Amino acid sequence: MSSIKITFIVDGVKTTVAGDKNKTILDTAIENDIDAPYSCKGGACATCIAKLKFGSVELEQNYILTDSEIDEGMILTCQGYPTSNELTVDVDDI
Ligand code: FES
């Protein structure tokens, strides 16, 4: 068990939930009824782009984001696995 904390900002509302380093950020959002956008869940459509405001994430697949976007903190929630114990993911700031 590797329980961690993930704070989502969606439509200006902050919600903090328990996450898991073995689950994507998007799956954690869906399980907690957080209205994070997504479509393909395969790292190809960019619907799930969000900005990482705090913490660190590893992207399993990425067919869209450029290196400079990644440097700015952009992530794909459907491909992002938390690598820190606390994260803040802003879906609005894209
Ligand atoms: S849902 Fe399509 S890239 Fe994440």
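Just so you know, these numbers come straight off a predicted model, no measurement behind them. Every number for a ligand or one of its atoms is a count from 1 in the order of the listing.
Put simply, Ile34 and Ile49 are part of the same group of oily side chains (I, L, V, M, F, W, Y) that touch within less than 4.5 Å, one to the next.
The minimum heavy-atom distance between Val57 and Thr83, with the atom names listed, is N-OG1, 3.5 Å. The two residues Ile94 and Lys51 have their closest heavy-atom pair at CG2-N, 4.2 Å.
Within the protein, the N, O or S atoms sitting under 2.8 Å from atom 2 (Fe) of ligand 1 are Cys40 SG, Cys45 SG.
Here the side chain of Asn85 pairs no donor or acceptor atom with the backbone of Ile4 at under 3.5 angstrom. Judged by distance alone, the side chain of Ser84 and the main-chain N or O of Ser56 form a donor-acceptor pair under 3.5 Å.
Between the side chains of Thr16 and Thr7, a donor-acceptor pair is found at a separation under 3.5 Å.
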